[in-house]
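Side chains included, hydrogens not; waters and symmetry mates left out as well; all remaining heavy atoms used. Indexing begins at 1, ligand by ligand and atom by atom, following the structure's order.
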Amino acid sequence: MAADPLPTSHALPSPFSTSTTPLTLIAQGAEALLYHTTFLSPTTPCALKIRPAKPWRHPTLDKRLTRQRILAEARVLVKCLREGVAVPAVLGLDWETGWMAMQWIDGGSVKEAVRGRDVSVNGADGVLKGLMRRIGRAVGGLHAAGVVHGDLTTSNMMLRPIAGETADRLRGEIVLIDFGLATQTVQEEDRAVDLYVLERAFGSTHPREEGTFPEVLEGYREVFKGAKGTLRRLEEVRMRGRKKSMVG
Ligand SMILES: Nc1ncnc2c1ncn2[C@@H]1O[C@H](COP(=O)(O)OP(=O)(O)O)[C@@H](O)[C@H]1O
Ligand SMILES: [Mg+2]
């Protein structure tokens with residue numbers, strides 16, 4: 001994780017401009033910057049997502065897109081929380097200046113945890129399978145709440161340490177993050193594609209662990225009533241994917 005100082009050219013929105021807590025840049029995507037800071041009180045850590053103005057876009061369109069995206073992401077997060085899906089709570093937002101503050105999630109990403117896992121310890125595979133099962137339950141809970149994520153990868157999942165549990169890297173609660181591409185939907189196709197994206201992303205990011213992916217689908221089945229239909233549809237989506245890669 002890079003700890004670059006905030007670029008001085010970047011004007012901080014209030015209330016962050018008057019905060020004494022330093023901002024630490026965590027990630028810089030194509031659309032958004034992600035900072036670690038605090039919100040209103042120096043003891044409330046937060047993740048601040050800023051969507052800076054895009055100078056290459058028409059200002060009116062840019063403002064509209066920024067507003068739509070921030071609102072859509074915040075609404076999905078609020079809906080998830082209400083439905084009991086583990087996601088960061090929304091602390092505040094302003095679509096004019098383009099920021100949203102979320103609850104800071106401790107722990108690292110699932111990607112880091114899987115990459116850094118100790119394969120030599122006894123029962124390492126069982127621990128990994130348990131993690132995969134929990135990922136499936138998290139995604140199943142999300143889909144049961146009527147939300148598809150749109151960008152399910154192991155970087156968009158955090159492992160929040162559970163108080164009192166041994167600090168094994170693969171233990172902890174799965175918290176889904178990065179709902180910038182999420183939609184509220186009831187379509188089987190959308191859910192199947194969500195799973196397919198995760199399956200493909202997982203296979204390319206963690207080729208050694210690919211064989212444990214069926215555990216995700218098991219966990220998914222455990223918690224989501226509509227799983228049967230979605231998994232049937234997933235077979236079709238996979239077939240389309242294969243055909244596409246044969247001609248392409
Ligand atoms: N609520 C949060 N708590 C802790 N870290 C977060 C939080 N939200 C995002 N991050 C970190 O910032 C990174 C980028 O955030 P993300 O929402 O995934 O934006 P992007 O669209 O740039 O991928 C994440 O991969 C994660 O490491
Ligand atoms: Mg992300």
Near Lys63 NZ, under 6.0 Å, is it more than 12 heavy atoms from other residues, nucleotides or ligands?
no

Where ligand 1 meets Ile26 - atom numbers and elements under 4.0 angstrom, heavy-atom basis:
11 (C), 12 (O)

Tell me whether the count of non-hydrogen atoms from other residues, nucleotides or ligands lying under 6.0 Å of CZ in Arg57 goes above 12.
yes

Look at ligand 1 and say whether Gly180 reaches it with a heavy atom at a distance under 4.0 Å.
no

Asn122, CG: over 12 other non-hydrogen atoms inside 6.0 angstrom
no

With respect to atom 12 (O) of ligand 1, which of Leu48, Val90, Leu34, Asn156 exhibits the smallest heavy-atom separation?
Leu34

Heavy-atom proximity to atom 1 (N) of ligand 1, best of Lys111, Arg160, Gln103
Gln103

Decide if atom CZ of Arg238 counts as having more than 12 heavy atoms of other residues, nucleotides or ligands within a radius under 6.0 Å.
yes

Please find out if the Mg ion (ligand 2) and some N, O or S atom of Asn156 are separated by less than 2.8 Å.
yes

For ligand 1, the portion of Pro88 having any non-hydrogen atom under 4.0 Å away:
side chain

Report the part of Asp178 in contact with ligand 1, treating N, CA, C, O as backbone and CB onward as side chain, heavy atoms under 4.0 Å; options are side chain, backbone, both, neither.
both

Closest N/O/S atom of Asp178 to the Mg ion (ligand 2), by atom name?
OD2

Has ligand 1 got any nitrogen or oxygen that is less than 3.5 angstrom from a nitrogen or oxygen of Lys49?
yes

